[in-house]
Amino acid sequence: MNIFIARLSYDTSSEDLQHVFEGYGEVSSSKVIMDYETGRSKGYGFVEMDNDEAALDAIHDLNETELDGRTIVVKKARPRSSRPSNSYNTSNSYNSW
DNA sequence: CATGAGCGG
């Protein structure tokens, strides 16, 4: 389950999300989006968990909570847009859970 | 260089 975390502190890194979400369940991978140009954090990140129940539990528990002194917003992440490649745009059905 | 609504390569 992909989890979207927004309104993170600019100082928050992937390790922080990993550390926080690990407390609820197995964290497959965590990543904080940073600006490719400047390298500064964009303020949001993603966390993937193998256990959907743990993910939902983490979302409900970590949503609108305080992290690094800032209130974070945890929501279910949307499927990434298909990376622009030579392949035609395969319409990916939205994962309605 | 600092920045605050929002979904990454």
Side-chain angles (χ1 to χ4, degrees):
Chain A
M1 156 108 31
N2 294 347
I3 305 173
F4 172 66
I5 305 94
R7 293 195 61 176
L8 295 169
S9 178
Y10 294 116
D11 294 334
T12 306
S13 61
S14 305
E15 296 178 355
D16 295 316
L17 296 179
Q18 173 100 24
H19 193 79
V20 173
F21 280 82
E22 271 185 346
Y24 290 89
E26 300 176 1
V27 177
S28 180
S29 64
S30 63
K31 179 182 181 180
V32 174
I33 308 306
M34 293 186 178
D35 193 284
Y36 182 76
E37 301 295 334
T38 62
R40 291 181 180 83
S41 176
K42 289 185 178 179
Y44 57 88
F46 292 88
V47 172
E48 185 176 0
M49 301 182 74
D50 292 341
N51 295 347
D52 295 356
E53 52 181 339
L56 293 174
D57 184 66
I59 292 173
H60 285 228
D61 217 294
L62 297 175
N63 185 25
E64 295 181 351
T65 52
E66 183 177 300
L67 178 60
D68 192 58
R70 305 291 184 250
T71 304
I72 65 176
V73 179
V74 183
K75 298 187 270 190
K76 298 188 303 297
R78 293 180 178 176
R80 246 183 313 104
S81 302
S82 300
R83 184 190 302 173
S85 63
N86 49 16
S87 300
Y88 293 95
N89 183 0
T90 56
S91 301
N92 55 349
S93 302
Y94 277 70
N95 184 9
S96 58
W97 66 289

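Just so you know, these numbers use all the heavy atoms, side chains as well, and skip hydrogens, waters and symmetry mates. Here is how names work: the chains are called A, B, and so on, in the same order as the sequence lines, proteins then strands, and each is numbered from 1.
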Minimum-distance nucleotide to [X] side chain [options: [options]]:
{"X": "A:Arg70", "options": "B:dG9, B:dG4, B:dC7", "result": "B:dG4"}
{"X": "A:Arg7", "options": "B:dG8, B:dC1, B:dA5", "result": "B:dA5"}
{"X": "A:Thr38", "options": "B:dA2, B:dG4, B:dG9", "result": "B:dA2"}
{"X": "A:Phe46", "options": "B:dC7, B:dG9, B:dG6", "result": "B:dC7"}

Handout entry: Closest-nucleotide 5' rank along DNA chain B - winner of A:Tyr10 and A:Ser30
Key = A:Tyr10
Completion exercise
Comparing A:Ile33 with A:Leu8, nearest DNA chain B nucleotide closer to 5' gives the residue A:Leu8
Handout entry: In B:dG4, glycosidic geometry as syn within 90° of 0 or anti otherwise
Key = anti
[X] [atom1] to [N] [atom2]: how many Å, rounded?
{"X": "A:Leu17", "N": "B:dC7", "atom1": "CG", "atom2": "C1'", "result": "14 Å"}
{"X": "A:Met34", "N": "B:dG9", "atom1": "CE", "atom2": "P", "result": "12 Å"}
{"X": "A:Phe4", "N": "B:dA5", "atom1": "CZ", "atom2": "P", "result": "13 Å"}
{"X": "A:Asp11", "N": "B:dA2", "atom1": "CG", "atom2": "P", "result": "11 Å"}
{"X": "A:Asp68", "N": "B:dG4", "atom1": "CG", "atom2": "C1'", "result": "14 Å"}
{"X": "A:Tyr44", "N": "B:dG9", "atom1": "OH", "atom2": "P", "result": "7 Å"}
{"X": "A:Arg78", "N": "B:dA5", "atom1": "CZ", "atom2": "C1'", "result": "13 Å"}
{"X": "A:Glu64", "N": "B:dA5", "atom1": "CD", "atom2": "P", "result": "15 Å"}

Are [X] and [Y] side-chain neighbours, meaning at least one heavy-atom pair lies under 4.5 Å?
{"X": "A:Val73", "Y": "A:Ile5", "value": "no"}
{"X": "A:Ser28", "Y": "A:Met49", "value": "no"}
{"X": "A:Asn2", "Y": "A:Phe46", "value": "no"}
{"X": "A:Lys76", "Y": "A:Met1", "value": "yes"}

Handout entry: Sugar-phosphate, base or nothing in reach of A:Val32, heavy atoms under 4.0 Å
Key =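 Nothing: the residue A:Val32, judged by heavy atoms under 4.0 Å, touches no strand.
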Exercise for the section: Scan A:Ile3 against the nucleic acid and name what it touches under 4.0 Å (heavy atoms): base, sugar-phosphate only, or nothing. Expected result: nothing
Practice task
Applying side chain to side chain contact (heavy atoms under 4.5 Å, CB included) between A:Leu17 and each of A:Leu67, A:Ile72, A:Val74, A:Val27, report the one that passes.
Solution key: A:Leu67
